[in-house]
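Just so we're on the same page: letters track the sequence lines, and every chain starts at 1. Side chains included, hydrogens not; waters and symmetry mates left out as well; all remaining heavy atoms used.
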There are 2 protein chains.
Amino acid sequence: MNAEKIPDIIIGRLPVYLRALQRMADNGIKTTSSQELGEHVGISAAQIRKDISQFGEFGKQGTGYSITYLLDKLREILKVDRIWDVALIGAGDMGHALARYQGFTNRGFHIVMVFDNNKEKVGRKIDNFVIEDADKMIERLKASNVKIAMLTIPATSAQSVTDKLVQAGVRAILNYAPISLNVPNNVKVQYIDPATHLQRMTYYL
Amino acid sequence: MNAEKIPDIIIGRLPVYLRALQRMADNGIKTTSSQELGEHVGISAAQIRKDISQFGEFGKQGTGYSITYLLDKLREILKVDRIWDVALIGAGDMGHALARYQGFTNRGFHIVMVFDNNKEKVGRKIDNFVIEDADKMIERLKASNVKIAMLTIPATSAQSVTDKLVQAGVRAILNYAPISLNVPNNVKVQYIDPATHLQRMTYYL
DNA sequence: TTGATTTTGTACAATTCGGTACAAGTCAGG
DNA sequence: CCTGACTTGTACCGAATTGTACAAAATCAA
C-alpha cells in the first residue's frame, strides 16, 4: 500500500475497471486476472496490475483477483461504497433523460433534486421528481448534503450557475454545457459534450 | 510545421480550444493570446502554444492569434471544416435528447438516421426524424456515407450492435452504453457514461 | 525613432507514465 | 509430493508529456 498522492490518470481508469468487474459479477463470474480484465477494457495487463497495486495487494498469484473482493475495494477507494445525493440543474431534454436514467442507482448515485429557471416548468413532474425553482437552488442545496451536481443548461448561463453551485457547497460538477467552467481548486468538473467528443475522432477519419 | 505523428492527447485538447475560440468569436472578439485562451480553458499558456505550433505558426508575436484564422485552421486540422453525417442508434430517452440537440449543427455534425429495434417505435417521429428499423441498419448504412455513429442503447446489446456498425463501415462511435467496446484498430470510440464520470470525482470528495 | 511591453515558438530540463521482465507465490493433476 | 502452468507485484528503463526560459518579432506610446 502506497500512501503517496495517486495520479489523476489512475483514478480515471478505476471506474472503468469497476464497471467491467460489476458486469462480470452480474454474469456470475467469481475470479478474473489482469490479463482477462485488460482484454475487456482495452488496457494492458501490466497497467491494470500497477494501477490496482497502488492501493494494496488485492490479488493472489496464480489465481488472479476475487471479483467481489476487488469490487468492494474499488468502491471503497472511489468512495462509491455509499450513495451520493445528486442535484440535477436544468430540466430540458438532457435533464429529462438523466432524471429518468436507471443507471445511477447501483453505481453510487441518487438524484434528489431537479431545478429549472423556467417558471412554467416549476412544479411539473419528471417521473417522481418535482421540478423546483432555480431561484431557490442555493438555499435548498445549503440545507441539504448535496455535494454533486449535474449541469444540463445552456452554455450562456453555465458559469453563473456554477458560481452559485460552488457558493452552495457543491464540490463536483458533471457539466453537459458546451463550455469550460472556472472553479476553485477544491471543486472538480467533468465534461460531457457530444460535439467535442465527436471532434476528437474526426481527425482520424 | 511538423509532419510527424501528433499524440492523441494533443488532438484531444484541440476541440476544447475550438469550442472556446468559437465562443469568443460569437462575442465579437477578434484576437486572443495563449495566455487568455489558457485562462478560459484551464490549460497553461505554454501548453497551448506548443499544441498549436505542432501544426504550423499560426500566431504573431506581440499580438497573439487571429481568432477567425485559428478557428479555420483548427477546423481544418480536426476535419470539421465540413459536415459529417451521423447515425443515431437507439431512440430511448438519451437518443431523443440527442436527436433534438441543437448543438451539433454549427460544430460539424448532422444526424441523418435514427434506428431502434423496438418495432413499436419504428415509423414514429422524433422531430423530423423517422425512426427506422434496426434490422435494416447495416444495409442503410452501407448505402450511405455515414462514418460516425452515436450509440444510445442498453449495455447488453452494445457490443453486438457495434460489430454490425463496424461491418457497415462506421469508423467512429460515440458510446453512451456503460460498457467498454471492442473494435478494430481503425475504428475510434469515445465513451460517455455519466456514472463513470461521476465516479472520477467522488475520490476527491 | 526609440524604448518598454507583449507574445510567440522552441530548446532544454524535469517529471510523469507505460512497457518489459522476472522472482515468487499459487494451484491442479498425477 | 512434485512439476508445470499461471499470475501477481515491482524494479528498471525508455518514451511521452509538461514546465521553464528566452531569443526574436511585433506593437505602442512618447
Whether over 12 other heavy atoms sit under 6.0 Å from B:Arg23 CZ = yes
Nearest-Å distance, CD (A:Glu57) to P (C:dG25)?
-> 11 Å
If you draw a 6.0 Å radius around CG in A:Asn186, do more than 12 non-hydrogen atoms from other residues or ligands fall strictly inside?
-> yes
Looking at B:Pro194 and A:Leu98, what are the two nearest heavy atoms and their distance?
-> CG-CD2, 4.1 Å
B:Gly64 or A:Asp51: which one's nearest nucleotide on DNA chain C is closer to the 5' end?
-> B:Gly64
Under the side chain to side chain contact (heavy atoms under 4.5 Å, CB included) rule, what do A:Leu18 and A:Val80 come out as? Steps first, then yes or no, please.
-> CA-CA 10 Å; A:Leu18 182 58; A:Val80 288; 3.9 Å; yes
Could you tell me whether the phosphate oxygens of C:dG9, OP1 or OP2, come under 4.0 Å of any side-chain nitrogen or oxygen in B:Tyr65?
-> yes
Checking all strands, does A:Ile9 fall into the base, sugar-phosphate, or nothing category for heavy-atom contacts under 4.0 angstrom?
-> sugar-phosphate
Find the bend of the helix from C:dT1-D:dA30 to C:dG30-D:dC1 as the angle between its two terminal axes (five pairs each), to the nearest 10°.
-> 20°
B:Tyr17 versus B:Asp51, side-chain donor and acceptor atoms under 3.5 Å | yes
For atom CD of A:Glu39 and atom C1' of D:dC6, their distance in whole Å = 14 Å
Taking everything shown except A:Asp127 itself, do over 12 heavy atoms lie less than 6.0 Å from its CG?
-> yes
Taking protein heavy atoms under 4.0 Å as touching, what does nucleotides 23-30 of chain D look like 5' to 3' if B marks base contact, S marks sugar-phosphate-only contact and - marks none?
-> -BBSS---
Side chain to side chain donor-acceptor pair (under 3.5 Å) between A:Arg107 and B:Thr196: does it pass, once the steps are laid out?
-> CA-CA 9 Å; A:Arg107 293 179 70 193; B:Thr196 294; 2.9 Å; yes
Do any side-chain nitrogens or oxygens of A:Arg49 fall under 4.0 Å of OP1 or OP2 in C:dC22?
-> no
Going by heavy atoms closer than 4.0 Å, what residues in residues 24-36 of chain A are next to DNA chain C?
-> none
Close aromatic pair by centroid cut-off 6.0 Å: A:Phe55 and A:Phe58 = no
Are OP1 or OP2 of D:dT18 and a side-chain N or O of B:Arg13 less than 4.0 angstrom apart?
-> yes
In terms of heavy-atom contacts, B:Ile6 and B:Ile11 come closest through CG2-CD1, 3.8 Å
Can you tell me if A:Asp93 and B:Tyr101 form a side-chain donor-acceptor pair at under 3.5 Å?
-> no
Can you spot which of A:Thr162, A:Thr156, A:Asp163 makes a side-chain hydrogen bond (donor to acceptor under 3.5 Å, both in side chains) with A:Gln159?
-> A:Asp163
Provide, to the nearest angstrom, the distance between the CD1 atom belonging to B:Ile48 and the P atom belonging to D:dT17.
-> 17 Å
How many Å lie between CD on B:Gln47 and P on D:dA16, as a whole number?
-> 16 Å
Whole angstrom is fine here: how far is it from CD1 in B:Ile43 over to P in D:dT18?
-> 9 Å
Nearest-Å distance, CZ (B:Phe55) to P (C:dT10)?
-> 13 Å
Within this structure, what is the NZ-to-P distance between B:Lys50 and D:dT17, rounded to whole angstrom?
-> 11 Å
Between C:dG19 atom P and A:Ile10 atom CD1, what is the distance in whole Å?
-> 12 Å
Minimum heavy-atom distance A:Asp133-A:Phe115, with the two atoms named | O-CD2, 3.6 Å
